[in-house]
Every structure is written in C-alpha cells, then in structure tokens.
Amino acid sequence: MDLQQVLARVHVLTNDSREALLTTLCMDAIRALESRLIDPKADHTAYKEALCRAAAAEVLYQLALVDAAQAPDSLTAGSLRAEYKTACAQAEAYRRQCFRALSPILREDGFFFGGVRTCR
C-alpha cells in the first residue's frame, strides 16, 4: 500500500489539515492491514484499490475516535442543537463496509474458536 495514496484519499474525505496526525494514522492503518493479510507475499494487485479504501476507512474511524474523545456529544446554543455522538458509529459502519471487500485476503481477528473440556 502506498502511504501517499491513502493520505490523499483521507484528505479528500475529510478536508482535515492536521498533517502529522493524518500521516501517523495512515501509517498505523497500513501496518495494521498488512499484518492481517493471510499471505503477505502474495500478489494483491487486484485488491490495490480496496486496500487503499480500507486503510483510509480505518484512518477515518481512528480520527473519529480521537475527535470524539476531545469533543462533547452535543452542543446547544439557544434553540440550536448540534449532535456529534453518531460520528464514530458512522465511521465504523463505513470501515466495516470497506473491510468486507477484503475478506478473501484478510485474516479475521474478531473471532475465536476454542474447545471446552468437561470436568470429571
């Protein structure tokens, strides 16, 4: 994955000017995706765009979490009320959608299958 492509996509989606934060989040997202590849040495050319989308979606989700930690859920000024608490859920839904396209090449880390031994 190319850092500049992911960063460019994040800029288009967010118009955010926090360059250092976005670059750091992009690098983290790329590393996280690469660590989940089932076969890191395989040719993933067919998934190049989907990988870029997924990395950018991960950045958007992480950015929403960072912003939510620093902002109120809502803001009221007179009769005007702004709600911010759904940003994380919406970013996470977009992230899930982007990751679904990569299911053939990504390891699923969200499940654990184990056995239970009986006591005698």
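Everything quoted here is computed from the prediction, not taken from an experiment.
- Here the closest heavy-atom approach between residue A55 and residue A29 is recorded as O-CB, 3.5 Å.
- A 4.5 Å side-chain heavy-atom check between E19 and H11 finds at least one atom pair inside the cut-off.
- Y94 does not carry R96 over the face of its six-membered ring by the limits of under 6.0 Å from the centre and within 45° of the normal.
- Between E34 and P40 the shortest side-chain heavy-atom distance does not fall below 4.5 Å.
- At least one side-chain heavy atom of L21 sits less than 4.5 Å from a side-chain heavy atom of L63.
- Note that CZ of R53 is 11.5 Å distant from OH of Y47, once rounded to the nearest 0.5 Å.
- For the atom pair SG (C26) and CG (L7), the distance works out to 4.5 Å, reported to the nearest 0.5 Å.
- Counting heavy atoms from C-beta outward, Q62 and L65 have side chains that approach closer than 4.5 Å.
- Of the inter-residue distances, the one linking E58 atom CD with R95 atom CZ reads 4.0 Å to the nearest 0.5 angstrom.
- With contacts defined as side-chain heavy-atom distances shorter than 4.5 Å, the pair L51/H44 qualifies.
- Within the 4.5 Å cutoff, no side-chain heavy atoms of D2 are placed close to those of C52.
- A 4.5 Å side-chain heavy-atom check between L37 and R107 finds every atom pair outside the cut-off.
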Open item on the list: With side chain to side chain contact (heavy atoms under 4.5 Å, CB included) as the criterion, how do D39 and I105 come out once you've worked through the C-alpha distance, each side chain's angles and the decisive distance to 0.1 Å?
Closed with: CA-CA 7 Å; D39 184 2; I105 63 169; over 6 Å; no
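- A single hydrophobic cluster is not seen to contain both Y61 and L13; linkage of ILVMFWY side chains at heavy-atom distances under 4.5 Å, directly or through other members, places them apart.
- Salt-bridge check for R18 with D67: passed, with a basic side-chain N closer than 4.0 Å to an acidic carboxylate O.
- A side-chain donor-acceptor contact under 3.5 Å links S35 to the backbone of A32.
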- [ ] Verify side chain to side chain contact (heavy atoms under 4.5 Å, CB included) between Q5 and K48, making sure each step is shown before the conclusion.
- [x] CA-CA 10 Å; Q5 287 179 342; K48 182 179 177 182; 3.8 Å; yes
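- When the options V10, L60, I30, V59 are evaluated for a side-chain contact (heavy atoms from CB on, under 4.5 Å) with L25, the one that passes is V59.
- Taken to the nearest 0.5 Å, the CZ atom of R31 stands 5.5 Å off from the CG atom of D28.
- Heavy atoms only, all atoms of each residue included: C98 and A54 are closest at CB-CA, 3.9 Å.
- A pairwise comparison of heavy atoms in V6 and A56 identifies CG1-N, 3.9 Å as the closest pair.
- In this structure, L33 and L102 have side chains that are in contact, with non-hydrogen atoms separated by less than 4.5 Å.
- For R81 (side chain) and T76 (main-chain N/O), no donor-acceptor pair under 3.5 Å exists by modelled atom type.
- In plain terms, the two heavy atoms of A91 and A64 that are nearest each other are CB-CB, 4.0 Å.
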